[in-house]
Student: 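Take this structure first; my questions come after.
Throughout, protein chains are lettered first and strands after them, A, B, ... in sequence-line order, and every chain is numbered starting at 1. Computation of the quantities below employed the complete heavy-atom set of this structure, encompassing side-chain atoms and omitting hydrogens, waters and symmetry-equivalent molecules. Bear in mind that the values here come from a model prediction, so they are computed numbers and not experimental data.
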Amino acid sequence: MRLIYLSSQTTLLSFITSKSDDKTLDTKKEKSLLQKKPKSQEKSKNNESKEIVIDKMHVEYNPKNTPPCILLDVDYDGREEKAYLKLYDPENNRLYIWYDNTNHHPYCLTDIPKEEIERNKDITGHPSYLGAEEVVKFDLLNEKSITMTKILARDPLAIGGSRDAIREKLKNRAWEAHIPYRKSYIMDLNLVPGAFYKVKDGALLPVSLKVIEQKYMDILPYFEKEYKENIDLLHSFIELFFTEIPNLKRVAMDIEVLSPGLDIVPDPNKAEHPVIAVSFSAKDGPKEIHVLRRSDIPEGNISLPPEVDVIYYDNEKELIKTVFERIKNIPILITFNGDNFDLKYLYNRAIALGFSHSEIPITKGKDVMNLKFGVHIDLYPFFHNRSINVYAFSMAYKEASLDAISKAILGKGKVELDKEIFELDLKTLAYYCYMDSEITYELTSYNDDLVMKMIILIMRISKMTIIDVTRQNISAWIRNMIYYEHRRNGYLIPRPEDILREKGQTSTKAIIKGKKYMGAIVVSPKAGIHFNVVVVDFASLYPSLIKQWNLSYETIRCHHPECRENRIPKTNHWVCTKRKGLTSVIVGLLRDLRIKWFKPKSKDKSIPESQRSTFKVIGQVLKVFINATYGVFGSEHFPLYCPPLAESTAALGRYSIEETYKKAEEMGMIPLYGDTDSLFILNPTRAQIDDLIKWSTEYLGIDLEIDKVYKWVALSSRKKNYLGLLQDGSIDVKGLLGKKRNTPEFCKKTFKSILGVLQKVETRDEFESAKKKILKIIQESYNKLEASQYSLQDLAIKVQLSKSLKEYTKTTPQHVKAALLLEQNGKRVVPGQIVHYVKTVTPPGVKPVELAKLSEIDIAKYKDYLRTTLEQVLDALEIDFETVSGVSQISSWFD
DNA sequence: GCGGACTGCTTACCT
DNA sequence: ACAGGTAAGCAGTCCGCG
């Protein structure tokens with residue numbers, strides 16, 4: 001490791017954001033900071049001088065010509081009154097900033113005639129008003145062409161977003177007035193963020209970089225036949241997936257700020273305290289830590305990783321200047337929570353220290369911090385995204401903290417500290433700070449850059465920028481994808497009130513109070529141990545139904561009298577027989593691409609491994625979109641919210657599973673249980689299953705598949721509660737208390753050892769001997785509990801706070817009581833935090849683990865806990881708790 | 001005044 | 001801030017009880 005001391009003045013380039021011709025941000029004026037002599041008296045431990053290698057990124061404005069670049073970002077420049085694109089050339093590490101030269105302007109639509117608008121002084125007198133023109137749109141809700149008036153303005157805020165905006169003047173006669181300008185621009189120019197473009201003679205042109213070889217395209221004719229009415233849609237989507245996914249150069253960053261005291265997180269809006277460390281990490285790029293010396297803090301003597309450079313400063317301003325130089329040369333900056341902390345803090349701190357805006361390479365948005373050159377990806381909102389957690393990472397992490405995510409995904413967490421940040425010696429601080437950025441980087445690089453690939457694919461499918469994709473949720477991705485297809489086809493984008501007025505009614509009653517319509521059905525399980533159970537399920541049931549039944553907001557309850565016969569079973573709804581529904585086609589295509597192409601191809605051994613893994617990622621990303629489409633149409637916040645559409649999908653789901661249940665019985669099979677899209681069938685023959693699958697394809701038009709086969713499955717009398725031994729010898733547990741997060745660890749441990757016994761059981765006889773072993777395990781656990789041998793951590797009940805403490809107004813649950821005690825003792829409690837508490841006798845109630853003693857534990861309450869947890873297992877195994885306790889020497893365990 | 005029956009709130013799970 | 005369905009524990013309320 002080399003230490004570099006630095007505190008002298010450096011000249012920062014002023015950032016140029018004005019237009020004119022090609023402006024190249026040349027970095028040659030910049031002297032290497034590292035060549036400057038150390039001012040500090042101290043000697044470097046290693047005299048060998050090494051240049052820190054950070055490739056300078058070349059930035060060019062308004063390029064005339066460029067090589068193929070990936071489109072990363074689109075935004076509006078207020079000073080230029082133009083949209084601009086950030087195009088990155090990964091080969092040569094060059095960033096091009098291309099300003100719109102197509103004379104595109106912000107606009108909204110209205111049904112008020114053009115002449116009337118032109119007579120309206122209130123609108124034409126708006127300082128930003130540019131003009132009005134007639135456009136013809138197709139109104140899907142009323143199935144007719146209409147002439148609309150397009151009102152153009154110089155500034156997006158003039159359309160919507162300010163008090164005197166044109167959309168406010170139009171009252172309820174404005175359409176497409178809530179679409180952010182950058183998104184509207186992308187749609188109108190038919191751009192695909194994440195795809196390749198080049199500039200030729202100043203004009204922006206798409207570049208096709210196909211990587212899929214012709215020999216893998218064998219299935220295309222099938223798709224072309226099925227989608228002949230939507231061949232453009234098919235080809236555009238296929239192109240997205242068959243275009244090379246480039247490897248993007250990126251650097252992760254993390255900062256530490258001097259906190260004034262225990263448990264006080266510095267406020268990034270005030271930025272009152274000094275930045276004491278900033279680290280950068282990249283696989284093939286810089287690994288640096290910039291550390292501020294403080295008179296009261298020793299340097300320390302831990303050894304840091306040899307590949308890392310530590311640079312010390314005596315002056316915070318100098319530190320920040322150097323950090324800004326680094327940021328200027330980073331095309332993609334990765335942070336964890338940079339929007340709300342790291343970048344916001346640096347920005348505000350720089351302002352507070354007297355930096356001018358032109359010296360700061362960071363831009364501040366309402367909720368997003370971005371870079372002037374390059375783009376900023378904040379991994380926190382991306383990993384926090386529920387769809388990503390569930391479908392891409394199979395719920396690997398339960399809490400969206402850097403520590404929890406990296407532990408779950410990388411197998412290593414943050415550096416554990418036994419002191420507060422402000423107490424650490426400089427080297428320990430440097431190490432801590434560096435490891436955070438290293439982990440952050442690794443979250444994007446692990447598994448062959450999986451996360452980066454996913455982000456690029458989501459950009460291409462949703463047509464959203466890297467900035468928006470990483471910060472917005474699945475509903476925004478789907479909304480934008482559907483809006484884009486509206487614009488491409490000249491369809492008017494309907495307003496929420498238009499859809500609700502035409503379609504907004506449900507006809508079923510939800511089982512759960514407060515829900516809008518009836519959802520899936522769960523078949524009551526036949527309790528007991530069943531051997532040789534085959535589970536069949538429908539592949540992507542809801543998306544399949546949406547495709548099969550032509551479900552879309554414009555086709556459900558359409559206006560044609562003749563379609564009213566085409567009923568959705570057990571609802572008042574019908575669906576159009578004349579027009580193909582747009583969302584039905586889009587979802588159907590994504591579903592077919594996944595099921596008929598990417599899923600099988602990702603398992604095809606004749607395809608090279610790297611190609612297969614790309615197919616696998618594409619399949620995963622498609623799954624995210626497909627699985628959420630039904631849900632968004634049932635969500636009030638979704639602007640295409642269509643209750644009868646969501647209700648019909650669920651109703652058809654119930655119909656499908658009910659018909660299949662009946663058919664299975666008719667065919668002589670014994671269905672034991674089913675949930676939403678699955679059926680558990682007792683010991684069927686291969687032929688029976690094949691017949692059922694064939695029937696489903698022919699009669700329902702939906703693919704039924706074998707999901708899993710149990711050697712035995714123990715169904716309890718409760719729904720969504722069972723365990724079984726799969727053919728591969730693994731135990732499958734669903735819904736039982738033993739796997740819930742809030743169950744104390746000692747219960748889970750006991751539960752797990754019981755599972756260990758059950759895993760070896762294959763026949764009914766073996767269950768008998770297993771019972772004895774299980775009994776012994778329970779007894780041991782019970783004795784340990786009685787003898788207070790479990791630690792507080794083992795006994796802790798871990799419950800997440802879903803909101804801030806003061807929002808619990810109706811009741812005060814136990815974890816809230818414990819959290820209140822924590823707060824009284826000066827500990828910080830935030831929403832999302834998991835509270836660890838134990839049940840106590842003295843005083844009766846609960847205490848957070850931090851404040852409790854083993855002697856205070858209410859052992860009786862824990863006996864109850866152990867009993868209920870294990871009863872669920874024993875219940876499923878047909879072991880009566882009373883019987884077991886009778887066999888035991890202890891006559892009654894749990895009194 | 002106290003305990004059981006009941007409802008509602010909250011969390012964590014399943015599909 | 002993609003849906004609804006199920007289980008469990010506890011908080012709070014009502015009601016009966018001389």
Student: Mapping A:K719 and A:S475 onto DNA chain C by nearest heavy atom, which one lands closer to the 5' end?
Tutor: A:S475
Student: Assess the pair A:F393 and A:F383: is the distance between their ring centroids shorter than 6.0 Å?
Tutor: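 Ring centroids of A:F393 and A:F383 are less than 6.0 Å from each other.
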Student: Tell me what A:Q872 touches on the nucleic acid: a base, only sugar-phosphate, or nothing, going by heavy atoms under 4.0 Å.
Tutor: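 Sugar-phosphate contact only.
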Student: Just how far, in rounded Å, is P of C:dG4 from NZ of A:K513?
Tutor: 16 Å
Student: Considering only C:dG4, C:dG9, C:dA3, which nucleotide approaches the side chain of A:T868 most closely?
Tutor: C:dG9
Student: Between A:Q814 (CD) and B:dC9 (C1'), how many Å, whole number?
Tutor: 13 Å
Student: What contact category does A:K740 fall into here, base, sugar-phosphate, or nothing, at under 4.0 angstrom with non-hydrogen atoms?
Tutor: base
Student: Tell me whether the count of non-hydrogen atoms from other residues, nucleotides or ligands lying under 6.0 Å of NZ in A:K752 goes above 12.
Tutor: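 Atom NZ in A:K752 is not crowded, with 12 or fewer foreign heavy atoms closer than 6.0 Å.
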Student: Hey, can you pull the residues of residues 623-631 of chain A with a non-hydrogen atom under 4.0 angstrom from DNA chain B?
Tutor: none
Student: Side chain of A:Y808, heavy atoms from C-beta onward: which of C:dA11, B:dT10, B:dT15 has the nearest atom to it?
Tutor: B:dT10
Student: How would you label the contact of A:Y722 with the nucleic acid (heavy atoms, under 4.0 Å): base, sugar-phosphate, or nothing?
Tutor: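 Answer is sugar-phosphate: A:Y722 comes under 4.0 Å of backbone atoms only.
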Student: Find the distance A:I512:CD1 to C:dA8:C1' and express it as a whole number of Å.
Tutor: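 Those two atoms, CD1 and C1', are 15 Å apart.
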Student: Does A:Y673 have its ring centroid less than 6.0 Å away from the ring centroid of A:Y722?
Tutor: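 Yes, close enough.
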Student: Tell me, do A:L652 and A:I568 make a side-chain contact under 4.5 Å, heavy atoms counted?
Tutor: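 Yes. Closest side-chain heavy atoms under 4.5 Å.
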Student: If you look at every strand shown and take non-hydrogen atoms under 4.0 Å, does A:D537 touch a base, only sugar-phosphate, or nothing?
Tutor: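 Result for A:D537 = nothing.
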Student: Before accepting this row, confirm whether a basic side-chain N of the pair A:E554/A:K503 lies closer than 4.0 Å to the acidic partner's carboxylate O.
Tutor: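 Not counted as a salt bridge, because no side-chain N and carboxylate O are separated by less than 4.0 Å.
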Student: Hey, is A:E176 close enough to A:K183 for a salt bridge, meaning N to O under 4.0 Å?
Tutor: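 No, A:E176 and A:K183 are not salt-bridged.
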Student: Determine the contact category for A:S802: base if any of its heavy atoms lies under 4.0 Å from a base atom, sugar-phosphate if only primed atoms, P, OP1 or OP2 are that close, otherwise nothing.
Tutor: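 The answer is sugar-phosphate, as A:S802 gets under 4.0 Å only of primed atoms, P, OP1 or OP2.
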Student: Given C:dT6, C:dA3, B:dT15, which nucleotide is nearest the side-chain atoms of A:V522?
Tutor: C:dT6
Student: Tell me the interatomic distance from A:Y865, atom OH, to C:dA8, atom P, rounded to whole angstroms.
Tutor: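 Value for this atom pair: 12 Å.
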Student: What nucleic acid atoms does A:F638 come within less than 4.0 Å of, heavy atoms only: base, sugar-phosphate, or nothing?
Tutor: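 Contact class for A:F638: none.
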Student: Mind checking if A:K839 touches a base, just sugar-phosphate, or nothing, with heavy atoms under 4.0 Å?
Tutor: sugar-phosphate
Student: Counting the atoms with a prime plus P, OP1 and OP2 as sugar-phosphate, which does A:S678 contact under 4.0 Å by heavy atoms, base, sugar-phosphate, or nothing?
Tutor: nothing
Student: For the pair A:K708 and A:D732, find out whether any cationic side-chain nitrogen is under 4.0 Å from an anionic carboxylate oxygen.
Tutor: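 Here A:K708 pairs with A:D732 in a salt bridge, since their nearest N and O are under 4.0 Å apart.
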Student: Are A:K749 and A:D794 close enough for a salt bridge, meaning some N to O gap below 4.0 Å?
Tutor: yes
Student: Salt bridge or not between A:K662 and A:E665? Use side-chain N to carboxylate O under 4.0 Å.
Tutor: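 Here A:K662 does not pair with A:E665 in a salt bridge, since their nearest N and O are not under 4.0 Å apart.
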Student: Check nucleotides 12-15 of chain C against the protein and report each pair of N or O atoms closer than 3.5 Å, with its distance, or say if there are none.
Tutor:
none

Student: When you match A:K734 and A:L801 each to their closest nucleotide on DNA chain B, which lands nearer the 5' end?
Tutor: A:L801
Student: Whole angstrom is fine here: how far is it from CG in A:N389 over to P in C:dC2?
Tutor: 13 Å
Student: Would you classify A:A520 as touching base, sugar-phosphate or nothing, given that sugar-phosphate means primed atoms plus P, OP1 and OP2, and contacts are heavy atoms under 4.0 Å?
Tutor: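 Answer is sugar-phosphate: A:A520 comes under 4.0 Å of backbone atoms only.
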Student: By the 4.0 Å heavy-atom rule, please label A:I511 as base, sugar-phosphate, or nothing.
Tutor: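 Sugar-phosphate contact only - A:I511 comes under 4.0 Å of backbone atoms but never of a base.
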Student: Can you tell me the distance, in whole Å, between the NZ atom of A:K708 and the C1' atom of B:dT15?
Tutor: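 Interatomic distance, NZ of A:K708 to C1' of B:dT15: 10 Å.
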Student: Atom CD1 of A:I521 to atom P of C:dT6: distance rounded to whole Å?
Tutor: 10 Å
Student: Atom CD1 of A:I474 to atom P of C:dA3: distance rounded to whole Å?
Tutor: 12 Å
Student: Find which nucleotide of DNA chain C each of A:H637 and A:Y517 is nearest to by heavy atoms, and output the residue with the more 5' nucleotide.
Tutor: A:H637
Student: Looking only at the side chain of A:Q800 (C-beta and beyond, no hydrogens), which of the listed nucleotides C:dA3, B:dA12, C:dA7 gets closest?
Tutor: B:dA12
Student: Which listed nucleotide (C:dC2, C:dT6, B:dT11) is nearest to the side chain of A:K720?
Tutor: C:dT6
Student: Given side chains that start at C-beta, do those of A:Y397 and A:N389 come closer than 4.5 Å, heavy atoms only?
Tutor: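 Counting from C-beta outward, A:Y397 and A:N389 do come under 4.5 Å.
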Student: Quick test of your reading of the model: are A:D677 and A:R654 salt-bridged, counting only N-O distances below 4.0 Å?
Tutor: no
